[in-house]
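Each chain gets a letter, A, B and so on, in the order the sequences are listed, and its residues count up from 1. Heavy atoms only: backbone and side chains are in, while hydrogens, waters and symmetry mates are out. Keep in mind the model is a prediction, meaning the values are calculated, not measured.
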There are 2 protein chains.
Amino acid sequence: MAKVPQADEPSLHDEAARAGWLYYLGGLTQDQIAAELGVSRQRAQRLVSRAVAEGLIQVRLSHRIGACLDLEAALTDRFGLTRARVAPFAGPGVDAVRATSPVAAAELERVLRMAEGKVIALGTGRSLRGMVDAMDEIAAPQHRLVSLIGNIAPDGSASFFDVVMRLADKVRAPHYPMPVPVISTTEAENDAFHALAPVQRVVELARQADVIFVGVGQMSDDAPLLKDGFVTRAELDAMQAAGATGEVAGWVYDSQGAYLDLGTNRRTGGVRVEPGLPRPAIGIAAGVQKTPALAAALKARIINGLVTDEPTARALLTL
Amino acid sequence: MAKVPQADEPSLHDEAARAGWLYYLGGLTQDQIAAELGVSRQRAQRLVSRAVAEGLIQVRLSHRIGACLDLEAALTDRFGLTRARVAPFAGPGVDAVRATSPVAAAELERVLRMAEGKVIALGTGRSLRGMVDAMDEIAAPQHRLVSLIGNIAPDGSASFFDVVMRLADKVRAPHYPMPVPVISTTEAENDAFHALAPVQRVVELARQADVIFVGVGQMSDDAPLLKDGFVTRAELDAMQAAGATGEVAGWVYDSQGAYLDLGTNRRTGGVRVEPGLPRPAIGIAAGVQKTPALAAALKARIINGLVTDEPTARALLTL
DNA sequence: CCCCAATATGAGTAATTGCCCGGCAAGCGA
DNA sequence: TCGCTTGCCGGGCAATTACTCATATTGGGG
């Protein structure tokens with residue numbers, strides 16, 4: 001006969017999850033939770049706040065706010081998009097990525113639910129990372145996940161750039177990282193990497209991608225490429241002088257969405273997202289500071305789908 | 001040029017959803033929300049509480065609590081189940097259905113995500129209704145949804161029994177209600193309904209179901225069948241005297257899970273879930289008062305999968 | 001047009017929560 | 001062993017939230 005399991009020593013995560021569940025779903029007060037769990041009220045409070053901080057408790061909105069639907073329709077109309085999703089504004093001091101991630105996750109899940117196996121290509125960045133973190137674990141082994149961007153960082157810290165790996169973990173799908181530097185130090189080095197057969201196979205797969213998810217980076221002084229150490233201040237200055245406006249998967253373009261033929265663009269590894277692709281290329285980008293970069297990418301049809309937040313959507317439409 | 005949409009007059013739901021979003025995702029105080037939305041602080045508070053009350057804000061747990069995993073393993077072992085899911089206890093005064101619904105919804109979504117089109121048969125009841133309400137909208141038109149149970153209620157109020165229709169709405173899948181009374185007043189009437197060709201076609205489809213989701217009702221004095229007016233007090237008494245312990249899709253069985261050949265069982269419409277089916281038959285049932293009914297259904301293998309709450313799982317295992 | 005019922009609103013208040021702090025115990029290197 | 005750091009614990013308090021009650025408003029029926 002099966003024995004009733006005894007909770008010998010629930011892990012901290014277990015306890016936090018339980019506290020959060022009792023608080024948000026059960027609607028108990030922290031006093032009641034404390035009594036239920038046999039801990040002090042203060043500990044109950046700490047457990048609840050830990051549960052939200054660590055993302056053990058997920059909040060989703062099941063009602064599509066009318067104003068956001070309107071914005072989606074307007075974006076679709078204005079830029080001829082295949083998909084547009086707008087996340088409601090989450091408050092003045094609140095990180096736009098955090099607001100957008102749940103919506104982006106739902107969009108990714110929509111693709112993952114598709115019956116036929118697809119090749120899904122992914123860029124990198126905070127937005128994509130947030131999207132994957134906000135996603136439910138769902139098995140979708142029929143798909144293949146391929147990175148558009150190199151996984152060798154200048155300082156060797158790969159932790160931030162494992163979007164594909166993290167996603168593969170969650171969906172248990174085969175994944176293909178791009179074994180090249182994000183940006184090589186010389187053109188020759190980049191060429192040498194791309195001459196390798198294993199690299200070429202991944203590149204070929206990425207080119208065939210059925211769906212593309214990418215972040216969009218601005219090229220102003222707060223450019224993610226600079227912040228993450230992929231380009232130097234001097235390189236950024238040079239590209240800005242040449243009209244650099246935005247960047248997708250590390251490839252820099254100008255205000256018309258035309259890729260520049262200078263600077264790091266000659267040494268960027270991986271696969272460039274070509275304008276006007278007939279298949280979905282969804283940009284995930286939050287924050288009004290990305291407006292010019294987004295406008296250019298949309299105009300040139302580097303991306304033909306968009307997940308963004310409400311203020312950014314408004315900014316794009318009032319241009 | 002597309003116009004920026006103006007929020008002329010956001011609906012009450014819109015405002016409530018937005019307030020809930022700002023509160024739970026953005027972490028603003030109600031004062032800040034009031035300022036953001038341009039309403040009084042009290043109204044902000046009411047909007048937030050409305051958002052949770054109406055289910056506009058969904059809470060899910062992304063961490064599986066160890067103790068619940070242990071219970072799932074023990075249930076699987078003890079009753080030879082294909083699937084077992086246990087929702088964490090949500091507090092003493094909290095409706096067990098509310099606690100279990102999100103977990104049941106995740107289980108249903110898992111089936112709906114499957115690539116090949118399945119025939120999914122559904123019973124009815126509060127648990128199933130909760131499951132469907134807690135579900136995300138996901139398109140799954142490859143499946144067919146069929147009701148196991150009649151959709152003609154004694155008082156004509158079909159509102160509570162449209163689980164199949166509500167689900168079909170959410171997944172945009174073809175659906176087949178069972179156009180017969182839940183329980184006819186005479187055997188002859190029941191036979192007459194089932195002699196009709198359209199009824200027979202639905203029955204045939206339900207019999208072929210690839211997956212079955214059903215509630216499980218107790219037959220004690222608080223039996224759902226009695227509460228919802230499907231059986232009279234006298235009928236319940238008679239069946240209790242004959243050993244009635246539980247009920248699945250309206251069909252009553254005894255403590256060994258053997259269907260009774262008396263009472264309303266002779267007049268119940270729709271399709272009976274036969275014991276020992278080789279395909280998944282998942283019981284969704286929450287609340288310790290259902291323990292005997294569940295134990296019998298599990299023993300006889302009327303159901304071979306279970307989604308329940310923690311206290312009920314413990315009760316089943318300590319029998 | 002008026003009245004009634006249902007519902008929303010605002011003020012006040014009690015309950016609940018978030019957070020700062022001093023204290024304490026465990027871990028660790030000298 | 002001592003002294004130090006680290007992290008948890010519980011007390012206490014200010015901020016925030018939930019609830020009650022009296023009043024206002026809206027909409028429908030007569």
Side-chain angles (χ1 to χ4, degrees), chain A residues 7-61 63 65-67 88-95 98-99, chain B residues 7-61 63 65-67 88-95 98-99 157 159:
Chain A
D8 302 305
E9 199 173 329
S11 80
L12 188 59
H13 268 188
D14 277 9
E15 235 182 343
R18 201 177 273 280
W21 187 250
L22 290 165
Y23 190 72
Y24 287 106
L25 188 119
L28 305 206
T29 71
Q30 296 181 352
D31 263 322
Q32 294 172 296
I33 295 169
E36 188 68 45
L37 264 49
V39 300
S40 72
R41 208 208 38 172
Q42 290 85 342
R43 184 166 166 80
Q45 198 272 327
R46 283 178 185 116
L47 287 170
V48 171
S49 79
R50 178 185 291 263
V52 291
E54 301 199 3
L56 270 40
I57 294 286
Q58 288 184 6
V59 176
R60 286 203 186 185
L61 196 55
H63 175 84
I65 293 172
F89 182 51
V94 180
D95 180 21
R98 225 167 71 75
Chain B
D8 302 305
E9 200 172 326
S11 79
L12 189 59
H13 268 190
D14 277 8
E15 235 181 345
R18 200 176 274 280
W21 188 248
L22 290 165
Y23 190 71
Y24 286 107
L25 190 120
L28 306 206
T29 70
Q30 296 181 354
D31 261 322
Q32 294 171 296
I33 294 169
E36 187 68 45
L37 265 48
V39 300
S40 72
R41 200 187 57 79
Q42 290 87 340
R43 185 166 164 80
Q45 197 273 327
R46 285 182 181 112
L47 286 171
V48 172
S49 80
R50 177 185 291 263
V52 293
E54 301 200 2
L56 271 38
I57 296 287
Q58 287 183 6
V59 177
R60 284 203 191 184
L61 197 55
H63 175 85
I65 293 171
F89 182 52
V94 179
D95 180 21
R98 225 167 72 75
S157 80
S159 66

Per-pair distances, 0.1 Å, donor-acceptor, side chain in residues 39-50 of chain B, under 3.5 Å, sequence neighbours excluded:
| residue | atom | partner | partner atom | Å |
| --- | --- | --- | --- | --- |
| B/Ser40 | OG | B/Arg43 | N | 3.2 |
| B/Arg43 | NH2 | B/Glu15 | OE1 | 2.9 |
| B/Ser49 | OG | B/Arg46 | O | 3.3 |
| B/Arg50 | NH1 | B/Glu54 | OE2 | 3.2 |

Practice task
Return the minimal non-hydrogen interatomic distance between B/Leu22 and A/Ala90, and the atom names on each side.
Solution key: CD2-C, 3.3 Å

Practice task
Quick one: closest heavy-atom pair of B/Leu56 and B/His13, and the distance?
Solution key: CD2-O, 3.7 Å

Practice task
State whether the side chain of B/Trp21 and the backbone N or O of A/Leu61 hold a donor-acceptor pair below 3.5 Å, judged by distance alone.
Solution key: no

Completion exercise
Per-nucleotide protein contact along nucleotides 7-18 of chain D, 5' to 3', at a 4.0 Å heavy-atom cut-off (B base, S sugar-phosphate only, - neither), is --BBBB----BB

Show me the donor-acceptor pairs within less than 3.5 Å that the side chains of residues 23-31 of chain A make with the rest of the protein, sequence neighbours left out.
| residue | atom | partner | partner atom | Å |
| --- | --- | --- | --- | --- |
| A/Thr29 | OG1 | A/Asp31 | N | 3.4 |
| A/Thr29 | OG1 | A/Gln32 | N | 3.2 |
| A/Thr29 | OG1 | A/Gln32 | OE1 | 3.4 |

